[in-house]
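Both counts, for ligands and for their atoms, begin at 1 and track the order of listing.
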Amino acid sequence: MGEAFQKSIELLSNKLNTPKNISIIPHKDPDGDALGSCMGLALFLQNKNHNVSIISPNDFPDFLAWIAKDNKSISLIKYNEKPKEAEEILRKTDLIFTLDFNSLGRAGDLKEILKESTASKIMIDHHESPDDYAEIMFSYPKIASTCEIVYDVITSLEAKCLTKNIATCLYAGIMTDTGSFRFEATTSKTHKIVATLKEFDIESHKIHQRIFDSFTVGRMKLLGKALSNMQYLNEYNTTLITLTQEELDSTNFQKGYTEGFVNYGLSLKGIKFAVIMIENKKEGIIKISFRSKGEFSVDVFAKTYFNGGGHKNAAGGSSKETLKETEKKFKEVLPLYKKQLCTQ
Ligand code: 5GP
Ligand code: MN
């Protein structure tokens with residue numbers, strides 16, 4: 001971490017000199033990295049006598065619920081469930097940390113409140129192309145997870161700040177965002193951080209079990225459906241999965257059921273680009289996840305065609321058209337990338 005990081009640490013350290021009211025916000029539909037980084041940071045700040053709340057724009061999957069349940073000392077409010085309470089906290093807040101996103105649009109229905117708030121904003125994030133809303137920025141798109149940046153931030157603020165609970169939360173985020181330490185962005189530093197976290201007696205095998213070995217029969221059946229729907233666009237080294245609302249409903253669908261499904265497309269030999277399109281009738285959108293291997297940037301692809309973004313090898317987006325139209329649009333633009341997808 002360089003000079004800009006040290007400067008940001010100094011600025012942040014000054015702000016944390018006296019006890020503050022602090023709100024920490026993950027992105028909408030928080031994943032393991034978003035929730036793990038928020039909770040890890042919240043525990044650190046609470047130990048330093050700040051008054052901390054996490055305000056999530058909306059619900060998160062069952063397999064992440066333990067992050068909240070194991071840390072009941074931290075108030076965690078879902079804005080979709082208790083908007084008044086969340087607004088009251090945000091009105092009184094001195095500092096707002098936005099974690100694992102870099103554009104207020106990613107905060108869902110909290111977007112306008114955050115935009116209008118005069119509290120100092122601190123961004124901690126690892127996505128490409130950050131917006132300019134934060135007074136203090138820790139924006140490092142090359143780092144595999146926000147949890148690794150939070151680790152650097154808190155240990156720079158106070159060398160001996162880690163506890164078992166903080167380490168557990170950060171481990172969960174690093175593990176999920178690195179695909180269990182296998183994605184390209186995983187570095188020796190990632191492993192060094194994890195080695196340090198492990199010294200706090202964290203039960204990494206149990207964290208893995210809680211997150212990955214928690215399928216319900218319905219979810220497993222939905223995975224079966226997704227795999228049988230997979231289209232093999234061999235000409236482009238690409239796979240596409242689609243799931244209709246009807247297919248989701250036939251399996252007692254719950255939030256998070258489709259998490260990780262897109263990766264199965266990438267596990268096929270030779271595949272460089274994997275896509276899943278999921279119909280969401282309630283929101284009137286098709287939610288799309290993109291994954292790639294190598295130099296093909298799904299961040300750019302998602303930004304160009306599907307109102308999204310993310311990282312080079314993992315991005316998301318959405319479409320307001322029907323599933324069929326979205327699929328058609330995708331197949332129309334895919335040939336433009338044939339060279340990129342077939343010559344690496
Ligand atoms: P996922 O496909 O797992 O939902 O997301 C993959 C990556 O892309 C994550 O880092 C996530 O934050 C980002 N992402 C997902 N959906 C969107 C979106 O609609 N817009 C932007 N800008 N990023 C997204
Ligand atoms: Mn992340």
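- In this structure, the protein non-hydrogen atom closest to atom 9 (C) of ligand 1 is H127 NE2, 3.7 Å.
- On a distance-only criterion, F290 and ligand 1 share no N/O pair closer than 3.5 Å.
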Practice problem: I would like to know whether E3 and K7 meet salt bridge (charged side-chain N to carboxylate O under 4.0 Å, His left out); could you show each step before the answer? | Solution: CA-CA 6 Å; E3 241 172 72; K7 181 90 199 124; over 6 Å; no
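- Residue-to-ligand polar distances keep I288 apart from ligand 1: every N/O pair is separated by 3.5 Å or more.
- Which of R106, H311, H27 comes nearest to atom 17 (C) of ligand 1 through a heavy atom is settled by distance: it is R106.
- Using a 4.0 Å heavy-atom cutoff, S318 is absent from the residues neighbouring ligand 1.
- Under the 4.0 angstrom criterion for non-hydrogen atoms, K287 is in contact with ligand 1.
- The protein atom (non-hydrogen) at minimum distance from atom 13 (C) of ligand 1 is G309 O, 3.7 Å.
- Note: F290 and F306 meet the aromatic proximity criterion, with ring centroids under 6.0 Å apart.
- Within the structure, every pair that satisfies the side-chain hydrogen bond (donor to acceptor under 3.5 Å, both in side chains) test and touches residues 172-184, not counting sequence neighbours, is listed here: H126-D177.
- Annotation: atom 6 (C) of ligand 1 to nearest protein heavy atom, R291 NH1, 3.6 Å.
- Within the protein, the N, O or S atoms lying under 2.8 Å from the Mn ion (ligand 2) are D33 OD2, D100 OD1, H126 NE2, D177 OD2.
- Within the listing of ligand 1, atoms 1 (P), 2 (O), 4 (O) sit less than 4.0 angstrom from a heavy atom of S289.
- Counting the atoms of ligand 1 from 1 in the order shown, those under 4.0 Å from a heavy atom of A314 are 7 (C), 8 (O).
- Formation of a donor-acceptor pair under 3.5 Å by the D94 side chain with backbone atoms of K20 is not found in this model.
- The number of heavy atoms from other shown groups lying within 6.0 Å of CG (N263) is above 12.
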